[in-house]
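Single-structure report; data block below.
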Amino acid sequence: MAAGSSSNVNENIPVFEYKDINTKPFHVGSFRTAWLEKLKPIDYSYEDKYEENEDADFAKEMGIAPETLDELKAICSVDTLRCQAEDEPLDTNVVPPDPTLQTLIQRKKKQDYKDTLRIDKISRVDHYQDELESLAVGKRPEDPVDLVPEGEIILSINVLYPAIFERFRYVRPHMTLQMLGSHSLVDLRDAICCISDLQVFGEFSNTPDMAPDFISKDHFKSAFFYFEGVFYNDMRHPECQDMSETTIDWAKTRDFPTFHKANMEDTRFYDLKVKVGYPYLFCHQGDCEHVVIITDIRLAHKDDCLDRKLYPLLTHKHRVMTRKCAVCHVYIGRWLTTNDPFAPNDPCLFCERCFRMLHYDKKGNKLGQFLAYPYVDPGAFN
Amino acid sequence: MPNGKAKDRFLKPLVADYEELLGRFQQTESVRFEEFTAIWRNMGFSSVFYGSLAGNEMREFCHLTLTMAFNYFLPPYSFQIRVGGLYLLYGLYHTQLASPKEKIRIALKDWEQIQKFYQDSVNSQHYDAVYIIRKLIAENAVLYTAMPQMLTFRVKKKPQHHKVCEEFRDRPERVKDLISTDMLQEVANIQGHHERLKASVLERSSIAVTQQDLPARLHSCVLEFLHWQDRHENHGDADHLVYAEEKAQQVESSNRAQLLASIKTKSYGCLAEASKSRRHRQVEMDTSISGTGYIKEATKYHKSRAPSLKARTNKNLCGEGDEQKIQYWLLSAAEEDKTALKRQKRKQSFRW
C-alpha cells in the first residue's frame with residue numbers, strides 16, 4: 001500500500017474529484033511541465049516524422065532484423081483493415097445491406113425511415129451550426145513569429161449566457177472559446193461578447209439620433225473572474241472599481257474561507273490553479289453574471305489553428321432567436337416603446353424605419369407622448 | 001459539446017459491437033495483429049462509419065468511438081484485451097471518415113499505465129503491439145490532454161460510467177499487491193532491527209516473540225499460492241462446468257416462472273363484457289401480476305365480439321370501400337359534416 005500511493009501525491013496530475021464531472025484543482029503551468037517531461041520533443045512537434053528514422057529507432061530498440069521489420073510493416077499496414085476488395089466501389093453514405101453490427105442495425109432503421117419521407121427537410125440552422133468549429137482548423141500564419149509554439153497549452157472554455165430560462169435548461173446556451181496558455185485573463189474578458197455590454201440606457205424619445213453615443217461597455221468597465229477562491233479584477237482603466245470588495249467583506253463576516261484578490265491583466269492561464277469541468281464566475285456590468293467552465297486543457301497539435309493572431313478562437317456559439325419589429329416582421333427590433341398610443345401593445349418593438357415613420361413627422365418632430373428606449377436584441381451576435 | 005442526446009443513442013450498440021469483437025479476439029488466445037484483422041474483416045468493422053450521418057454527427061460519432069475504445073486499453077482489463085483495445089484504436093483511427101481525423105485523447109493520469117504496458121510488450125517481444133504504439137504516436141494521432149473527455153459539468157444527467165466487462169477483466173492479483181517485494185524487504189529490515197535491539201538490551205536472547213524467518217516464509221507462501229493459481233487456471237474447465245450447471249438450474253426455474261406468468265395473463269386478459277343492463281359496473285382488469293418478476297405488458301381491453309351479419313355482408317359484397325382519405329375542404333364540405341373540421345392525425349416522427 002505504501003508503495004502504491006506515491007504516484008497520487010503528485011498534485012500536478014489532474015484526477016477526478018467526482019467521476020466524470022470535474023477534477024481536483026491543479027496548476028496549469030505545472031501540468032504542462034509534467035507532460036513535457038514525460039514526452040520526447042518529437043512526440044508533440046508539428047512536423048511529420050520521417051518513416052525511415054522511426055523504423056531505424058524501432059529496429060534498434062527491439063533488436064530485430066530488417067526482413068522481420070518489413071514483414072511486420074506489411075502485417076500492420078492499414079490495408080489489412082480494408083473490408084472489401086480494392087476495386088469495388090464503395091458508397092459510404094449508405095448502410096451496407098444485411099448489417100450484422102448493432103450500430104449499423106440501428107442506423108439502418110433511421111435510413112429506412114428517411115426513405116419513407118417524401119420531403120426531407122434539413123434545418124438550415126442545424127446544418128451550419130457546427131461549421132464554426134472546423135473553420136479555423138489547420139490554419140498557419142503568414143509570419144512565422146505568430147506560430148503557436150510547440151508544447152503550448154490550448155484551453156477550451158465554455159461561457160454560458162447569463163439568463164437561462166427554466167425551459168431551456170437542458171440546452172445550456174453557451175459560447176466556446178479556445179485560448180492559449182500564455183494569454184492573460186483580460187484577453188478572455190475581451191473575447192466574451194455579451195449583449196449587456198451594448199445596452200444603451202436612458203430614454204431617448206426626444207433625441208432619437210443621439211442613442212449610439214452611450215454604450216454600457218464604455219461606461220461600466222469593471223469586471224472580475226472568480227477561480228478557486230481568488231477574485232481577479234480588471235484594473236486596466238482608472239474608472240474600474242474593485243467589484244469583489246463587497247463579496248470579500250461579506251464573506252469575512254460569515255463562515256467562509258478567506259478569499260484573495262489579484263489583477264486580471266497580470267494573470268496568465270499558466271498561473272491559474274483551476275478545476276477542469278467545474279463552473280466558475282465572470283461578472284461584468286455590475287450584475288451580469290456568466291458561468292465559466294473550463295472544459296478541456298491539452299497540448300497543441302498539428303491540426304489545430306496555429307496562428308496566434310486568431311486566438312481567442314470562437315468555436316461554438318448558440319444561436320438566439322431574434323425578435324422582429326411588430327409592424328413589418330422583417331427587421332430586427334431596435335426600439336422599445338412604452339406608454340405609446342400608437343403601439344398595439346405595451347411594451348412594443350419597432351425597427352428603425354417603422355419607428356421613425358410612426359412616431360416622427362418628416363421634419364423629425366415628435367408626435368404624441370411616448371417613451372422610447374433603444375433595444376439591443378440578444379441575437380445581435382448571430 | 002452540444003447535443004448530448006446523440007451520444008446516448010449510439011453508446012449501447014457501439015459497446016455491444018466492441019465487446020463482440022474483443023470477445024472473439026479473446027477466444028483466439030493470441031495477441032497477434034493478423035488474428036485481429038481477420039476478425040475485423042470478418043465483421044466488416046470498417047462499415048461502422050457508413051451511413052449518412054448528418055452534419056457534425058459524423059465527427060461526434062468518431063470521437064465517441066475512439067473514447068469508448070480507449071477504455072479497453074487501460075486496466076483492469078487483462079493484457080490480451082488491452083492489446084485488443086490498442087488494435088481497435090488503431091483500426092478505428094485509420095478507418096474513420098471524419099476529416100481532419102479525430103484524435104485519440106490520452107490523459108496525463110493514464111500515461112503511467114500506458115508506459116508500463118509498453119514496457120511489458122517490449123519485454124515480451126510483441127513486435128506488432130510495440131510497432132503500432134510507436135506508429136500511432138509518430139503519426140500525431142494522439143492528443144495529450146488533462147482528462148480523457150471534455151467535461152461540461154452536466155450533473156443532472158446521470159454520467160455514463162463505463163461498465164467493465166467481467167469476462168475481459170484481468171485476474172485480480174491481490175496477494176501479490178499485498179505482499180510485494182518492497183514490503184518483504186521492509187519486514188526483513190524491521191526484523192533485523194528488532195533482533196539487534198533485543199540483543200543489545202537483553203543478555204539472554206533466547207526469548208523469541210516473533211518468528212525468526214518471517215520474510216522467507218511469507219515469500220514461500222506467496223509463491224505457493226501463485227503456483228496453485230496457475231495450476232487452477234488450467235483446470236478452469238471444471239469450474240466452468242459447475243458454473244454452467246448452476247446457471248442451467250437458474251434458467252429452468254426462471255422458465256417455469258415465465259410459464260406461470262403467461263398462463264395468468266391469458267386468464268386475466270380476456271374479460272367478459274358486462275351486459276348493457278350492467279353498464280355502470282364494467283369489469284376492470286387487474287394488471288398487477290406480482291411475485292414472478294416477469295411482468296407482461298398489460299393487454300389492452302378490447303371488444304372480442306364477432307362482427308355482425310350486416311358487417312360481414314358489407315365486407316364480402318361491397319369490398320373495403322373507399323380507403324383513400326377524403327380531402328375535406330372547408331368551403332366545399334356540407335355544414336352538418338363535422339368530419340371536415342377534425343384535424344388530420346399527424347404522422348409519427350422517428351423515434352430511435
Side-chain angles (χ1 to χ4, degrees), chain A residues 3 7 13-15 19-23 31 34-35 38-39 43-44 49 54 58 61-62 64 72 75-76 78 80-83 92-96 99-107 110-111 113 122 126-127 130 137-138 156 158 276-279 293 295-299 301-303 316, chain B residues 2 9-10 12-14 16-17 33-34 37 40-41 43-52 54-56 59 91 94-95 97 100 103 105 107-109 111-112 122 125 127-128 130-132 134-135 137-138 140 143-147 149-153 155 159 161 177 180 182-183 350 352:
Chain A
S7 56
I13 299 180
V15 287
K19 186 126 192 353
D20 285 340
I21 302 215
N22 65 281
T23 65
F31 159 75
W35 255 133
K38 294 188 198 288
L39 299 172
D43 290 336
Y44 53 84
K49 286 115 196 153
E54 173 61 29
F58 175 63
E61 182 174 340
M62 299 294 287
I64 57 178
L72 190 64
I75 294 174
C76 297
V78 183
T80 53
L81 296 164
R82 203 199 310 266
C83 287
T92 56
N93 276 339
V94 177
V95 178
T100 48
L101 295 173
Q102 301 271 355
T103 20
L104 287 180
I105 295 174
Q106 193 193 41
R107 217 176 280 167
K110 172 101 186 187
Q111 192 174 292
Y113 168 71
I122 306 174
D126 293 335
H127 198 60
D130 298 303
V137 164
S156 298
N158 276 11
V276 172
Y278 195 72
I293 304 179
T295 49
D296 183 33
I297 303 184
R298 58 180 175 81
L299 290 181
H301 188 272
K302 188 170 75 136
D303 283 341
H316 173 84
Chain B
R9 273 186 239 142
F10 295 142
K12 269 209 209 103
L14 195 65
D17 286 332
F33 189 62
E34 303 152 297
T37 44
W40 176 283
R41 278 193 299 264
M43 289 179 76
F45 221 79
S46 311
S47 54
V48 139
F49 297 106
Y50 297 169
S52 63
N56 214 38
R59 174 161 287 281
H94 280 283
T95 51
L97 297 176
K103 314 283 183 294
R105 298 172 66 96
L108 187 57
K109 59 184 174 78
W111 187 247
E112 287 293 324
V122 168
Q125 308 249 309
Y127 298 140
D128 36 15
V130 176
Y131 180 73
I132 283 179
R134 292 180 71 107
K135 191 158 185 239
I137 294 181
N140 282 327
L143 270 183
Y144 303 102
T145 69
M147 281 289 131
Q149 280 205 49
M150 298 186 72
L151 303 166
T152 48
F153 205 70
V155 188
H161 295 302
D177 281 339
S180 63
D182 290 346
M183 193 240 181
F350 184 72
W352 279 97

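Below, chains carry the letters A, B, ... as their sequence lines are ordered, and counting in each starts from 1.
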N158(A) vs T152(B), test: side-chain contact (heavy atoms from CB on, under 4.5 Å). Steps then yes/no. CA-CA 8 Å; N158(A) 276 11; T152(B) 48; 3.9 Å; yes
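- Here K103(B) is the residue among K135(B), R105(B), E34(B), K103(B) with the most heavy-atom pairs under 4.5 Å with chain A.
- For W111(B), the part lying under 4.5 angstrom from a heavy atom of chain A is the side chain only.
- Taken from OG1 in T103(A) to OH in Y50(B), the straight-line distance is 12.5 Å, to the nearest 0.5 Å.
- For the atom pair CD1 of I297(A) and CE of M150(B), the computed distance is 10.5 Å after rounding to the nearest 0.5 Å.
- Taking a 6.0 Å sphere around OH of Y278(A), one finds it holds 12 or fewer heavy atoms contributed by other residues, nucleotides or ligands.
- Of the atoms belonging to I132(B), it is side-chain heavy atoms, and not backbone ones, that fall under 4.5 Å from chain A.
- Residues F33(B) and L72(A) are not in side-chain contact: their nearest non-hydrogen atoms beyond the backbone lie 4.5 Å or more apart.
- Take N140(B) and apply the side chain to side chain contact (heavy atoms under 4.5 Å, CB included) test, not counting sequence neighbours, and it matches K49(A), H301(A), K302(A).
- Inter-residue side-chain proximity for I105(A) and P13(B) is flagged as unmet; no heavy-atom pair is nearer than 4.5 Å.
- Closest non-hydrogen pair, L299(A) versus L143(B), comes out as O-CD2, 4.2 Å.
- Using a 4.5 Å heavy-atom cutoff, the side chains of L151(B) and T23(A) are in contact.
- Checking side-chain atoms of W35(A) against main-chain N and O of T145(B) turns up a donor-acceptor pair under 3.5 Å.
- Contacts between S47(B) and chain A at a heavy-atom distance below 4.5 Å involve backbone atoms as well as side-chain atoms.
- Among residues two or more places apart in sequence or in another chain, the salt bridge (Lys or Arg N to Asp or Glu O under 4.0 Å) test is passed with D17(B) by none.
- For I293(A), the part lying near chain B is the side chain, with the backbone staying farther off; criterion is any non-hydrogen pair under 4.5 Å.
- Minimum heavy-atom separation, A16(B) to Q102(A): CB-CG, 3.9 Å.
- Using a 4.5 Å cut-off between heavy atoms, D303(A) contacts chain B through its side chain alone, with no backbone atom that close.
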